[in-house]
Amino acid sequence: MTGSIRERLDEAIREAARALGVDGDLPDLELGRAKSSERGEYASSAGMKLARVLRQPPQQIAGRLAETIAVPDGAAAVEAVGGYVNFRLTPQWLQKLVMHVAATGPRYGAMDIGNGERLQVEFASVNPTGPMHIGHGRGAILGDSICRLLEFTGHQVQREYYVNSDNTQTRRFGASVYARLHGQEPPEGGYVGEYVTQLGEMARHDLPGVEQLPEAEAEPKLRMFAMEKVIDQTKATVARLNIRYDEWFWENTVWETGLAQGAIERLRESGYLKERDGALWFGPALQELEGEPVQKELAEEEDRVVIRSNGQPTYFASDLGYLLSRFEVRGFNRVIEVWAADHHGYVPRMKSAAAALGIDPAKLVVILHQMVNLKEGAAGSASIKMSKRAGRFVMLDELIDRVGSDPVRYFYLLRSPDTTIEFDLELAVTQSNENPVYYAQYAHARLVNVEATALEKHSRLPEQADVSLLVEPWELDVARQLAFWPEVVEDAVRLLEPHRIPYYVQDLATAVHRFYHAGNERSEHRVVVDDVDLTRARLELCRAARHTLKTALDLMGVSAPDRM
RNA sequence: GCCCCGCUAGCUCAGUUGGAUAGAGCAUCUGCCUUCUAAGCAGAGGGUCGGGGGUUCGAGUCCCUCGCGGGGCACCA
């Protein structure tokens, strides 16, 4: 039983369609979850889809499909209604599924989609000029969960944090620390947060003599010192959120290893670079002049500076070397970038750079998530963009302190990357008790508890569960939810959308709570009853649900406590 | 001005390539704890899916257009 039941039903109906004489390309028969459970769990609009090809009325086609189709394992009863073909999962199949899930345990839903593909996910790479704020938390949690999903589905994932160490921002940061060290205000465009002053104090202590050095000598030392402190803190913050990185990759290494220089050289030779106004520019449009067609998407990209007229490279130059590091030196088949929406304009530039370097731009996948804005003001109406430079932000650590890692992760993962989050810290704190994460965790804790109770009461339970005893609607409802899990994983991975997981968890937890509650209504519906066979069968269901709940929570990086 | 994202119940949001009466959580209201965990269960109210056109058997979903909100359009990242 690998893959989703949805997929197997889809194959079955396609086969039936071919048997009806549809040859050549089959249209998508749109087999998916039925909107209303009264019609079963799955439905296909195959009748309508094939009406044109078969030149028959939809109703008739659906009827013939329902007669022809061979559903694997007797998984579902098939019924034609109008032009639709509806599938209702059978109790027998659901019962068998419970056994399968209980036996598979934490691996239920895991599938080999990636075939061991080596890929890198780079996420939450913040300028090392200050602590992470709640906006960065979104990218960090999203990226981490994407990694978990990919790992769960047969990909070999490397998790990377790119430390932007060599740029105008970090130099301003160094200059700001220098100013604070000398009791001065940070320079124009510098960093004003309290932590800058603290970094200055730490430097005074840890870098003896730095105070006496002239700025030109002191600033690079202070910059490096401050960046390392910031990265140390970033590592700690991220660890609190149960986020793991394999590599903290420093930008300066692409220069020290000559990768950036090599990339520039390669582009120069292939005619993508030109000098203008004393600077070196990258322009994919140049290639077109030489008769080489350029992909439309790339051709729209404007020229970008690689080396400034003052001789300093831009971050873009580093990124060229960084591309080579990942695709050529380290040989990842694909790289997934998780960026905030304010970087969206950078996507075509990176893709065109990749193409110019001879890297398939399709292998550079960019996931954009919208911003997290601060909600402030008496009316609570003003939406403010966070700014590290201006010291106007809510630190991620503060949020974790006040709410806790699990609710924070759940809160962020619940939202699709496409929606902007208006964040109100006070509201988040007061509402954390209503965070749906507890609902799911409680379901898990209940299952653990009831399983323990069962083993306590019955010292000897049958080895094998007789799952045919699982006949109550609330029991089969749990099994039904379990049947949906693999397709949820499929969709979440294919679309790289982890937010599908918490919504599933909510549904599964609801089924579990109802199942449990049936025993509160009438004691004969409890898991632990006098009848050992019945107890054993329900225990099997508990195990199956508990494993799946735990697995889903794991994919979100959320804990599954044994008691609450 | 150009580009990207959003607009769905009072609030916060789901809704895979268009499918049959539009969903969840929170909030509000009504019931349910001597029982395996009440951080729970059952029920109720609540909607012109931002407005207007279009495409077709069928549109929250696709196209056009307008409005509102967020984010970009650097020799910042």
Side-chain angles (χ1 to χ4, degrees), chain A residues 28 30 32-36 38-39 43-45 48-49 51-52 58 81-84 86 125-127 129 164 167-170 172 189 277-281 300 302 304-310 312-316 319 340-348 368-371 373 383 385 389 411 414-422 427 431 433-439 441-443 445-454 456-457 487 490-492 494-495 497 499-500 502-503 506-507 509-510 512-514 516-523 525-529 535 538 542 563-564:
Chain A
D28 188 344
E30 290 189 344
R33 285 277 291 286
K35 286 268 174 72
S36 164
E38 283 161 29
R39 286 187 285 267
S44 163
S45 44
M48 275 77 79
K49 291 294 170 196
R52 194 159 300 159
V81 180
Y84 297 92
N86 296 333
S125 300
V126 183
N127 259 346
T129 55
N164 297 273
N167 56 64
T168 309
Q169 293 307 324
T170 57
R172 282 178 182 161
D277 307 329
L280 191 63
W281 298 72
E300 288 167 3
E302 293 169 20
R304 303 290 169 182
V305 170
V306 180
I307 308 283
R308 299 186 180 91
S309 51
N310 66 6
Q312 269 182 351
T314 62
Y315 63 92
F316 183 53
D319 281 338
D342 57 354
H343 283 60
H344 94 267
Y346 196 43
V347 176
L368 292 170
H369 66 264
Q370 294 300 310
M371 312 299 286
N373 292 329
S383 181
K385 194 190 177 190
R389 247 175 279 183
F411 172 80
L414 214 39
R415 278 159 184 74
S416 121
D418 286 339
T419 61
T420 305
I421 294 179
E422 304 289 342
L427 204 62
Q431 287 186 348
N433 282 337
E434 282 123 34
N435 193 304
V437 72
Y438 299 116
Y439 182 81
Q441 291 180 321
Y442 187 54
R446 272 183 148 178
L447 290 171
V448 170
N449 184 66
V450 76
E451 286 177 57
T453 307
E456 240 169 69
K457 159 131 195 201
E487 73 200 40
E490 270 173 11
D491 290 345
R494 186 168 47 82
L495 303 165
E497 290 183 349
H499 73 273
R500 292 166 185 279
Y503 282 96
Q506 172 73 31
D507 289 342
T510 296
V512 166
H513 283 305
R514 280 184 186 149
Y516 184 93
H517 191 263
N520 286 350
E521 294 281 319
R522 307 188 59 158
S523 56
H525 292 145
R526 291 187 186 192
V527 173
V528 186
V529 290
T535 301
R538 288 174 181 165
C542 289
R563 59 178 60 238
M564 288 175 74

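FYI, side chains are in, hydrogens and waters are out, and symmetry mates aren't considered; it's all heavy atoms of this structure. Note that the coordinates shown come from a computational prediction; the quantities given were computed from them, not determined experimentally.
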- Message: Run the side chain to side chain donor-acceptor pair (under 3.5 Å) test on A:T510 and A:Y439 for me, step by step, so that the C-alpha distance in whole Å, both residues' side-chain angles and the decisive distance to 0.1 Å come before the verdict.
- Response: CA-CA 8 Å; A:T510 296; A:Y439 182 81; 3.0 Å; yes
Starting from [atom2] on [N], measure out to [atom1] on [X] and report it in whole angstrom.
X      : N     : atom1 : atom2 : answer
A:K457 : B:U35 : NZ    : P     : 16 Å
A:D28  : B:G19 : CG    : C1'   : 12 Å
A:K35  : B:G60 : NZ    : P     : 9 Å
A:R446 : B:A38 : CZ    : C1'   : 7 Å
A:N435 : B:A24 : CG    : C1'   : 14 Å
A:R494 : B:U16 : CZ    : P     : 10 Å
A:Y442 : B:G40 : OH    : P     : 7 Å
A:R39  : B:U21 : CZ    : C1'   : 8 Å

Under 3.5 Å for both donor-acceptor distances, Watson-Crick or wobble: does [N] have a partner, and if so which one?
N     : result
B:G60 : none
B:C29 : B:G43
B:G69 : B:C5

- Residue mapping more 5' on RNA chain B - nearest nucleotide basis, A:R52 or A:G278: A:R52
- Query: Got A:H499 and A:P417 here, is their nearest side-chain heavy-atom distance under 4.5 Å?
  - Reply: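 They are in contact (side-chain heavy atoms under 4.5 Å apart), so the answer is yes.
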- Task: Can you tell me, in whole Å, how much space there is between the C1' of B:C13 and that of B:A9?
- Result: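 Comparing C1' positions in B:C13 and B:A9 gives a spacing of 11 Å.
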- Task: Pick the P atom in B:A59 and in B:A22, then give their distance to the nearest Å.
- Result: 13 Å
- Just to confirm, is there a sub-4.0 Å distance from OP1 or OP2 of B:C57 to any side-chain nitrogen or oxygen of A:S45?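 Looking at the OP1 and OP2 atoms of B:C57, neither is under 4.0 Å from any side-chain N or O of A:S45.
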- Message: Would you say A:T314 places a side-chain N or O within less than 4.0 Å of OP1 or OP2 belonging to B:C75?
- Response: no
- State whether the distance check finds a donor on one side and an acceptor on the other, under 3.5 Å, for side chain A:Y438 versus base B:A39. no
- Query: At under 4.0 Å between heavy atoms, what does A:G32 touch on the DNA or RNA strands: base, sugar-phosphate, or nothing?
  - Reply: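 Base, at least one base atom sits under 4.0 Å.
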